[in-house]
Amino acid sequence: MTKMPGEFKYRGKIWLASGCAGFLALSYLAFFGMTITNIAKYQAAEKQISSVTADLSQMEFSYLSKEAEINTTLAAARGFVEPTNIVIAHSSLRETAFVSKGDIK
């Protein structure tokens with residue numbers, strides 16, 4: 001069988017074009033699938049952030065209400081004793097100073 005002129009002239013180019021088109025179609029589907037997966041993960045993360053924010057708000061309110069309850073009477077009832085000898089230590093590169101309550105006038 002003899003080859004007719006121009007019969008298989010573009011055969012390699014057609015296979016190359018169809019291969020590139022197939023690769024691009026598969027790449028598009030893969031990236032589209034990744035986009036859907038990322039959107040689902042993002043929505044789950046948003047729900048989790050919302051839940052954590054609500055829990056944090058509740059804990060902060062509890063902390064502030066307990067902090068408002070603290071006073072000197074409660075501290076004394078829990079065993080807090082006022083210190084008798086107050087010492088302040090200050091240090092720098094050149095000197096270290098210790099000041100006791102009796103030294104302050």
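As the structure is a prediction and not an experimental result, all values here were calculated from the model. Note that these values count all heavy atoms, side chains included, but never hydrogens, waters or copies made by symmetry.
- For the pair Ser57 (side chain) and Thr53 (backbone), a donor-acceptor distance under 3.5 Å is absent.
- The heavy-atom pair separating Leu74 from Asn71 by the smallest distance is N-OD1, 2.8 Å.
- Side-chain heavy-atom separations under 4.5 angstrom define the hydrophobic clusters, and the remaining members of the one that includes Phe31 are Met34.
- Atom CD of Glu67 and atom CD1 of Ile70 lie 6.5 Å apart (nearest 0.5 Å).
- Contact annotation: the side chain of Ser51 approaches that of Asp55 to within less than 4.5 Å [non-hydrogen atoms, C-beta and beyond].
- Residues Glu46 and Ser50 form no side-chain contact, since every pair of their non-hydrogen atoms from C-beta on lies 4.5 Å or further apart.
- Ser62 contributes no side-chain N or O that, together with a main-chain N or O of Gln58, makes up a donor-acceptor pair within less than 3.5 Å.
- With hydrogens and angles ignored, the 3.5 Å screen pairs a side-chain donor or acceptor of Ser65 with a backbone N or O of Phe61.
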